[in-house]
Number of protein chains: 2
Amino acid sequence: MVANAGAMSNLGQSSDSVRQHNLSTVLRLVHLNRKILRSQLTSITGLNRSTVSALIAELEELGLVEESESEGSSGVGRPSLMVTPNEKVVAFSVNPEIDATTVSVVTLSGQVMDRRRKLMGSHPSPEDAIRVSAEEISDMRKKFRPGTQIAGVGVSVPGQVRTSDGVIRYAPQLGWVESAFATALSQETGLNVFLGNDASLGCLAEARFGTAKNVNDLVFLFAGSGGIGGGVVSNGRTVGGAAGYAGELGHMKVSSSGRLDYSGLPGTLESLVRREDLLDFFKLYVATDEELDAEIKSIESSRAKRLMHDQLDSLAEGLSNLVNIFNPEVIVLAGFLTSLFEFDPDYLLARVKKGSLAAAAERVVIRNGALGADLLVLGAAELPFDALISSPSSYNLQSAYATRVESGEGDSL
Amino acid sequence: MVANAGAMSNLGQSSDSVRQHNLSTVLRLVHLNRKILRSQLTSITGLNRSTVSALIAELEELGLVEESESEGSSGVGRPSLMVTPNEKVVAFSVNPEIDATTVSVVTLSGQVMDRRRKLMGSHPSPEDAIRVSAEEISDMRKKFRPGTQIAGVGVSVPGQVRTSDGVIRYAPQLGWVESAFATALSQETGLNVFLGNDASLGCLAEARFGTAKNVNDLVFLFAGSGGIGGGVVSNGRTVGGAAGYAGELGHMKVSSSGRLDYSGLPGTLESLVRREDLLDFFKLYVATDEELDAEIKSIESSRAKRLMHDQLDSLAEGLSNLVNIFNPEVIVLAGFLTSLFEFDPDYLLARVKKGSLAAAAERVVIRNGALGADLLVLGAAELPFDALISSPSSYNLQSAYATRVESGEGDSL
DNA sequence: AAGAGTATGTTGTTGCAAACAACAAAATAA
DNA sequence: TTATTTTGTTGTTTGCAACAACATACTCTT
């Protein structure tokens, strides 16, 4: 099956769709909180104790959650049971990069169980990445404990993804154009494959498990070696756009400068806030984010400081626009923007407020992301998990020991 | 009661909330379509014929909808009944401007029954506007047919509105700051009052009844004498932001120009695309949109053409950003932007595509709004109607013949 | 240490809303 | 006129959550 996190028409609701909805709701709460008491489930959902009990029993039957006696005493009265996701429910994360492909295993409880980075030739084709991913997945699958259930594969793509059919529309750094990645990887693995833009998935991860937990209006900005990407959550929902290409915040024009970004657009945020510029200045070549961060933390010269403030100015212009457009509760920065921010947090916030409307900016908070290296891994895994959670009783989980891919396994759209 | 289109937590669903949901769904469909066949309701909602029958009976009981035999034959088989909103359910729209306040009556079926524009002194205070509105409303109420039910009052505010408590945070043209408008007008009228930003309401109206009907991802840009406002619909839902201030698209910085907009921000869309500039050029002073449009349609001189193309260039820069950020299906223009667009539609579209990512722009369509003078009237009325529709059986409709405002009527938050 | 108090889990019953089936009604097509 | 098609109506069934009563397991008090 190929990804389509389809917005089911939520119109008429029959009585049994209520059951499905409540089942989803409970499973989602368990997944988001990693562990949660039964009593909390009843109070949060507003459902009756007996109803919650029945729902959990069904989820346990499906092998999706487990119950255990809670350790710490929580107060007077009979102690409530702790509900946790079943550790045997997992998803794969695939992250293709310019010189490597990383495959990871994530449990429904958010643990990264395994991670393998396969170095590849300098310009891998989609087919190369698919082959390598499928090999790693197949190998990891063999080592799973018996009874392990696989929700599917989530792929974080450094480029634009058409969500309707899981096609990579354009990934500039990789040089990939119109690749039916999801269908192909699904064929190779027999698993459900879901694609998402890397920054959008990072946004999702920070909104669910990171620094923006429980935030309903959120702007996320991520800068790596390949430019600046972004993601937005509004009303608690990811802003995806008509085809899934929304969130290209780095390509927002903020200046009349003629400098081009990696997509050839002039005067954009991405063209002005550049990791490369800093590396050049510090004469660092091929540095990790950590090395760059250390360099920034030890800045002394006023020339370096001026460079940093120039970068912060440009970043602030972009963020001001986003504040006016989205009136977010929180702005989350990731990648090398975290170092930039930490260089002078007050300055950035002040500049953002100066460039935006007082009302929209008055409560905004800027924070660094909290998930570090797990950002994209967790984000990508959320795609298959979302599909599972939205229909727990009917979702087609795969077993660990692969029924080898026979003809026409992985059903396409 | 004061507005708070509160996002009720949609978690646990009990059996009677299903009834409410389905009641809402049916009423919403009737409202959005103005008239709809029972058979269509069953097929769209997926509910059973008998269920739809019962729901409509309840809505009829509540005086919200009416049934009639459909006129034209629609094919073989027993003809289906036509369901329409009850014409006796109305809402008031209030639109304060710099020199006048307009009060209108709109039926649940979307008909504007009455509209009165009261001229006011040059700089009316919020209290002035509230007094005038309350007087007009009281007067109009007296003339309603017996049995008329009032859903409430919707106010379109040319400024920033805090949705949580219906306070006008800042309305630059009017010079209003922190005015508890909703509470005060509710006190005066005894009706439920809801506030919204004018451009956001325009967006809502175009998305529901105008040129963007059934569009789930939409960017709306509205330019009047007081600058440029905007609205966005993403995933079928209005983007409101944490406090309701989202959608200030006119204050997006797109250039390094030092020109200031009406809020004092430099290089923004609003500072570059200006009705005033055109009026100055054509030596028109205090012209209506129609007069300006006529002038633009008769342009001959290359100097005028250059001016128009400059304005289009700036508009395109803003729209390109919005395309990259939202990947909308449709962009809707209103106010004097319609004249600008019609001057050279192909040019604008080409420039927008040039400034944005190919993927995000490939299917985008630019259109003029279709609602004209009814835009804000219909948009504002949607606020009370939304409240009614989201809980048809428990909503507190007011009767036409006002029980005069006794002490502590209009319950505040 | 024992009992009171409290919060939670469990079981059996009830109530309610939508689905379903069978039938009636109102149109078209032949 | 008769067969066919589609829709509305009525009475019955099914399924899910609410509810009430009871059982359980902890804390707090004395």
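Every chain is numbered from 1 and lettered A, B, ... according to where its sequence line falls, protein lines coming before strand lines. If you're wondering where the values come from, they're calculated on a predicted model, not measured in any experiment.
Checked against the 6.0 Å centroid threshold, A:F144 and A:F92 count as a close aromatic pair.
For B:L47, taking side-chain heavy atoms from C-beta onward, the closest of the listed nucleotides C:dT6, C:dT28, C:dA18 is C:dA18. Each of D:dC16, C:dC20, D:dT24 was ranked by its minimum atom distance to the side chain of B:N48; first place goes to C:dC20. Checking C:dA26, D:dT7, C:dT10 against the side-chain heavy atoms of A:S53 singles out C:dT10 as nearest. Comparing D:dA17, D:dG8, C:dT8 by their closest approach to the side chain of A:R49 singles out C:dT8. Distances were taken from every side-chain heavy atom of A:T51 (C-beta onward) to each of D:dA17, C:dG5, D:dG8; the shortest belongs to D:dA17.
Listed pair A:N22 / D:dC16 fails the phosphate criterion, with no side-chain N or O lying under 4.0 Å from OP1 or OP2. Contact between the side-chain N/O atoms of A:R38 and the OP1/OP2 oxygens of C:dT8 is not found at any separation under 4.0 Å. Dashed line: the shortest gap from a side-chain N or O of B:S50 to OP1 or OP2 of D:dT9 is not under 4.0 Å. Listed pair A:S80 / C:dT8 fails the phosphate criterion, with no side-chain N or O lying under 4.0 Å from OP1 or OP2. Not one side-chain nitrogen or oxygen of A:R78 sits closer than 4.0 Å to the OP1 or OP2 atom of C:dT6.
Put simply, CG on A:L81 is 17 Å from P on C:dA7, counting in whole angstrom units. Rounded to whole Å, atom P of C:dT8 lies 13 Å from atom CE of A:M82. Summarising the geometry, the separation between CZ on B:R19 and P on D:dA17 is reported as 18 Å, rounded to the nearest angstrom. A:H21 has its NE2 atom 16 Å from the P atom of C:dA18, to the nearest Å. The distance between atom CG of A:L41 and atom P of C:dT8, rounded to the nearest whole Å, is 12 Å. For the pair A:L55 CG and D:dA18 P, the interatomic distance rounds to 10 Å; values are reported in whole Å.
No engagement by A:L37 is indicated, since no non-hydrogen atom pair under 4.0 Å with the nucleic acid exists.
B:S80 and B:R38 share no donor-acceptor pair across their side chains, judged by distance under 3.5 Å alone. In summary, the side chains of A:R34 and A:T84 do not present any donor paired with an acceptor at a separation below 3.5 Å, with no hydrogens or angles considered.
Nearest-nucleotide positions on DNA chain D for A:L23 and A:G75 put A:L23 closer to the 5' end. With the nearest nucleotide of DNA chain C identified for both A:E67 and B:A54, A:E67 has the one nearer the 5' end.
Comment: A:K213 does not engage A:E206 in a salt bridge, judged by the lack of any side-chain N to carboxylate O separation of less than 4.0 angstrom.
Between atom CG of residue A:L47 and atom CG of residue A:L55 there is a gap of 6.5 Å, rounded to the nearest 0.5 Å.
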